[in-house]
Structures are given as structure tokens and as C-alpha cells.
S.K.: 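Encoded as C-alpha cells, here's the structure I'll be asking about.
Model, not experiment: these values are computed from the prediction. Just so you know, ligand 1 is whichever comes first in the structure, and atom 1 is the first atom listed for that ligand.
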Amino acid sequence: MPPQTALSSLLNQVGQPGLLAHWESLSTPSQERLAQQLTSFDWDQIAACRQLAAARRSGQEAAMPLDLSTARTPPCHRLGEATAAATAATARGQKALAAGTVGAVLVAGGQGTRLGFDGPKGTFPIGPVSKATLFEILLGKLTAVQRRYGQPVPLAIMTSTATDAATREFLTRTNSCGLDPDQIFLFCQGTLPAVTDNADRLLLDAPDHVAVAPDGHGGMLGALAARGGLDWFKARNCQTLVSFQVDNPLAMPLHPEFLGHHLLSDAAFSTQVVPKLSPEERVGVVVEQAGVTQVVEYSDLSPALAAERLADGRLRFFAGSIAIHAFSHQFLEQAAATDDSLPLHIAHKKVPYLNDAGQLVEPAIPNAYKFERFIFDLMPLADQVTVVEIDPAEGFAPLKNPQGAPSDSPETVHQALVAHARRHLAAAGMTVADGIDVELDATTILDDDDLRRPAAASSLAGNRIDKPLVIRSG
Ligand code: UTP
């Protein structure tokens with residue numbers, strides 16, 4: 001541990017002497033904890049955060065709206081259309097899966113504040129019948145891919161200090177949800193401290209701890225590189241990496257047609273989108289302008305632009321981003337080697353803090369800025385970006401909000417999963433009685449081909465399902 005004088009001088013230099021306010025009353029282990037945190041900070045980065053906070057506070061940042069006058073939605077492949085291009089893409093994607101050259105990154109470091117669940121979001125039970133957790137469903141899909149193509153899909157799981165210990169414990173308890181532990185690379189993303197409203201100070205949330213938060217899903221790039229994840233994938237010959245989020249149990253990151261469009265177009269970055277239907281939907285959209293493709297956040301789109309429609313009635317900016325991306329490994333390696341590939345984003349939030357009397361205050365209104373990086377900000381750096389539109393009923397049911405919320409809640413996700421299962425069972429010739437919950441087992445049912453296999457059929461009593469059931473394939 002550095003001597004107190006060295007810490008004081010460091011903190012004076014960076015304008016944060018108040019962080020040692022409780023030093024004298026701390027035990028030695030607590031002093032060590034605080035000293036360790038303070039000396040591990042990247043103070044240049046914190047200075048950049050404070051600058052951004054100052055710009056936001058003074059209104060300068062908001063004074064530079066994006067000029068999207070010549071922007072358009074880029075051409076999109078539509079997943080599942082009966083075209084020659086789709087057939088070729090599917091064959092190409094299947095070839096990559098059979099060759100074992102595809103790896104996956106699951107980002108699961110978020111704090112899940114809106115959901116308010118006690119534990120990492122990945123451990124939330126969401127299977128409509130099985131009550132399988134998000135992790136079990138999403139990791140189960142990798143088992144199904146491995147069964148079909150005979151090759152494991154190496155998986156990196158990103159946690160944060162908020163989710164790491166509980167995620168490790170969960171994976172141990174569930175035997176890695178059926179995956180080989182050697183197939184999983186667990187890594188923890190970084191954090192960034194919160195900055196007070198006046199852009200001045202960092203906050204303590206305990207006498208021996210500065211208030212920090214995970215550095216956003218974009219933290220994936222730096223953390224994956226720094227913790228050896230990119231090398232881990234390279235050693236397993238993964239030339240393509242797909243990333244997806246822990247809160248979408250319908251996610252199809254390994255869909256062969258999606259992978260095939262990515263590979264056949266020689267894209268550095270490909271992304272799945274769903275049609276944005278109403279201008280008010282709070283979703284980022286993929287736009288292309290002067291040859292550069294990027295995601296524009298809903299807050300950066302004026303109401304007038306957001307409401308503009310094309311001749312066919314679709315919104316001009318309809319390509320809603322759902323955070324399922326494919327990258328070439330080489331592209332991620334190059335981006336990771338470049339400092340500041342990803343800009344900082346700022347948000348005004350409620351951050352608990354210790355007041356001058358040393359009491360923890362839970363603010364009722366936002367009191368500080370938090371900072372994050374977003375992985376989609378890599379898009380403009382890619383020479384070729386390929387966009388694939390999917391049907392949300394097939395691949396997008398995010399869990400964001402608590403029970404009872406009108407959207408993205410456990411109930412709406414439940415309904416989406418059951419409707420998805422009923423639709424596919426109907427296509428395979430089964431009837432499901434009204435009001436009955438059914439679920440497709442993630443580990444054995446990849447697509448409709450699995451539903452036509454005899455074991456799936458024999459798990460049904462004839463062609464009619466009249467009680468809640470998890471359908472498995474042989
Ligand atoms: P969200 O931005 O929806 O955040 O994350 P969240 O933590 O799930 O929920 P709120 O906003 O606190 O209510 C989208 C995805 O990105 C991951 C999340 O785990 C989720 O899979 N994520 C988010 C990270 O991995 N790290 C982060 O720092 C933020």
C-alpha cells in the first residue's frame with residue numbers, strides 16, 4: 001500500500017482530496033482496499049469523464065446535434081426470405097459452424113437496475129414452463145448448435161463487479177448449463193467512477209470505496225483484449241465472433257443465414273435489426289450517411305426526423321438496433337489496438353453516496369453522471385457493414401422492466417416465448433389448446449427441422465397439446 005502522503009499527493013494533483021475524508025477511521029484492510037482502488041484508476045480517463053460532464057452541464061454537448069439530412073437506412077437483407085441470396089448465405093453460415101470458426105460473446109455485466117432482480121439478470125427464471133434461467137436458455141442454444149454441427153462454439157461471458165461472483169457461482173452450480181467449462185472464457189469488464197452534477201467530484205459510496213459502475217457493453221472490447229480473450233478465440237481458430245445480450249431469450253446470434261450474409265459480404269461488422277414501427281419507440285437506429293454506417297440513439301433523432309416516412313410507408317429510419325452483432329476477429333483486434341476506438345457516453349443517474357456526516361444517501365432524483373461505452377460505436381470504423389433485418393417475433397424479446405410493466409417485462413417476454421413456440425409447433429403440424437403454455441427446449445431445438453424429428457413428435461400425445469409442456473427433440 002502506498003503511504004498516505006503519496007495518496008494525498010496523487011489526489012491533490014487530480015483534484016479529489018475529499019476521497020480520503022474517512023481515512024483516519026478506516027481499518028488497515030479498508031485503507032488497503034481504498035488505496036488499491038485509487039491507484040488502479042486511469043486518471044486521464046477520469047479527466048475525460050469530468051470534461052464530458054462539464055460539457056453536458058453547460059449545454060455545450062447538446063448544442064451539436066447530428067446532421068442527418070442526407071442519411072438513409074442502409075439496404076437490409078431480410079432473414080428468412082426465400083431468395084437465392086438467402087440460400088447461399090445459409091449454406092455459408094452452416095459451413096462456418098461446421099468448421100468451428102465461430103465464437104460468441106455474451107455481455108452480462110449490466111446492473112439490471114430497471115428489472116430490480118436480486119442477482120445477475122442471467123439468473124432470472126424466464127422459461128414459460130421449465131422456469132429455465134436466461135443463462136440456461138442462451139447457453140442451451142450453443143449446445144443445440146454443437147449437436148447440429150458437431151463443433152463446440154467457444155463462448156466468452158462478460159461479467160462486471162456487479163455480476164461476476166454470482167455468475168461464477170451460478171455456472172458452477174449448473175455445470176456451466178451443460179457446456180464444457182473449457183469452452184467458456186469468463187472475464188470481468190472495467191468500471192468508471194460517477195462524477196457529481198457539477199462535474200467536480202467523484203463520490204464515495206462507502207468510507208473505503210469510490211462509487212463506480214460498469215463501463216457499458218462497449219467495455220467488452222477493451223476487457224476482452226486486456227484479459228486475453230481475443231487470443232483465446234484466436235487459439236481456437238474463431239475468425240468470426242458474434243456478440244449478444246443476456247436479456248433476450250429469443251436471440252439468434254448463431255443463425256446460419258445471418259452468419260452467411262456477414263461472411264459472404266466480407267463484412268467487418270454485421271448487425272441484426274428489427275423494424276421500428278412507431279416514431280416514439282425508444283430504440284437506436286442504424287443509418288448510413290456518406291458511406292459511413294452507425295447507430296444513432298433515439299435521443300439524437302429529432303421528433304420530426306424520427307417520424308419521417310418513406311414512400312412505402314415505413315419510417316425513414318426504421319432499422320432498430322437489437323445489439324446482436326457479428327465481427328471479424330481481425331477487426332476487433334485492430335480496434336482494440338487503437339486507443340479511444342469507442343467514445344464515452346454520459347447519463348444523468350441516481351448514485352448513492354456518503355454525505356459529509358458519513359451517512360449513505362439514496363438520492364430521489366439524479367445527482368451524478370455515469371459513463372459508458374457502446375459496442376455499436378465500432379460500426380463507423382468498419383469498411384463493410386452488413387445489416388440483416390429479422391422478425392422480432394422470431395428473435396427479439398428483451399427483459400428490461402419489472403413485473404407489471406407494459407413492455408419488456410417478465411410477462412411480455414413470457415408471452416413472446418409462448419407465442420414463438422406455438423407458431424413453430426403449428427408449422428410442424430401440432431395444435432396447442434388455447435391458453436396452454438408451451439416451450440421449445442433450447443438445448444435440443446434449434447429450428448423447425450428439430451421439431452420434425454421423431455423424438456420431438458413422440459414427446460407429444462398425438463398432434464395435440466393440452467397441458468403445459470416443454471418440447472424436446474431427440
Ligand atoms: P442495458 O443497457 O439494458 O442495461 O444492457 P442493464 O444493466 O441490463 O439494465 P439497466 O439499464 O440497468 O436497467 C443491455 C445488455 O448489455 C449488458 C447487459 O448485461 C445486457 O446484456 N451490459 C450493460 C453489460 O454487459 N455491461 C454494462 O456495463 C452494461
S.K.: Between Met158 and ligand 1, is there a nitrogen or oxygen pair with a distance under 3.5 Å?
M.R.: no

S.K.: For Ala194, does its backbone N or O pair with a side-chain atom of Lys349 as donor and acceptor, under 3.5 Å?
M.R.: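 It does not hold such a pair.
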
S.K.: Would you tell me which option among Gln111, Gln245, Arg114 has the nearest heavy-atom contact to atom 2 (O) of ligand 1?
M.R.: Arg114

S.K.: Should the proximity of Pro214 to ligand 1, defined as any heavy atom under 4.0 Å, be assigned to the side chain, the backbone, both, or neither?
M.R.: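 For Pro214, backbone and side-chain atoms both sit under 4.0 Å from ligand 1.
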
S.K.: Stepwise, does the side-chain hydrogen bond (donor to acceptor under 3.5 Å, both in side chains) test hold for His325 with Ser243?
M.R.: CA-CA 5 Å; His325 312 300; Ser243 71; 4.9 Å; no

S.K.: Taking the six-membered ring for Trp, are His217 and Phe374 closer than 6.0 Å centroid to centroid?
M.R.: yes

S.K.: Quick one: which ligand 1 atoms are inside 4.0 Å of a heavy atom on Gln189?
M.R.: 24 (C), 25 (O), 26 (N), 27 (C), 28 (O)

S.K.: Crowded around Asp383 CG? As in, over 12 foreign heavy atoms under 6.0 Å?
M.R.: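 No, CG of Asp383 has 12 or fewer neighbouring heavy atoms, counting only those of other groups under 6.0 Å.
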
S.K.: Keeping Asn175 on the side-chain end and Cys177 on the backbone end, is there a donor-acceptor pair under 3.5 Å?
M.R.: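 The answer is no, because no donor-acceptor pair under 3.5 Å joins these two groups.
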
S.K.: Looking only at N/O atoms, are Gly110 and ligand 1 under 3.5 Å apart anywhere?
M.R.: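 Yes; the residue has a nitrogen or oxygen that sits under 3.5 Å from a nitrogen or oxygen of the ligand.
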
S.K.: If you apply the rule side-chain contact (heavy atoms from CB on, under 4.5 Å), what do you find for Tyr369 with Arg57, and how did you get there?
M.R.: CA-CA 10 Å; Tyr369 294 109; Arg57 183 180 149 78; 4.2 Å; yes

S.K.: Report, in ascending order of atom number, the atoms of ligand 1 lying under 4.0 Å from any heavy atom of Gly216.
M.R.: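 By the 4.0 Å cutoff, the relevant atoms are 26 (N), 27 (C), 28 (O), 29 (C).
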
S.K.: Can you report which non-hydrogen protein atom sits closest to atom 5 (O) of ligand 1, along with the distance?
M.R.: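 Atom 5 (O) of ligand 1 sits closest to the protein heavy atom Lys400 NZ, 4.1 Å.
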
S.K.: Measure Lys121 to ligand 1 on non-hydrogen atoms and call it side chain, backbone, both or neither using the 4.0 Å cut-off.
M.R.: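 Within the 4.0 Å criterion, Lys121 contacts ligand 1 through side-chain atoms alone.
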
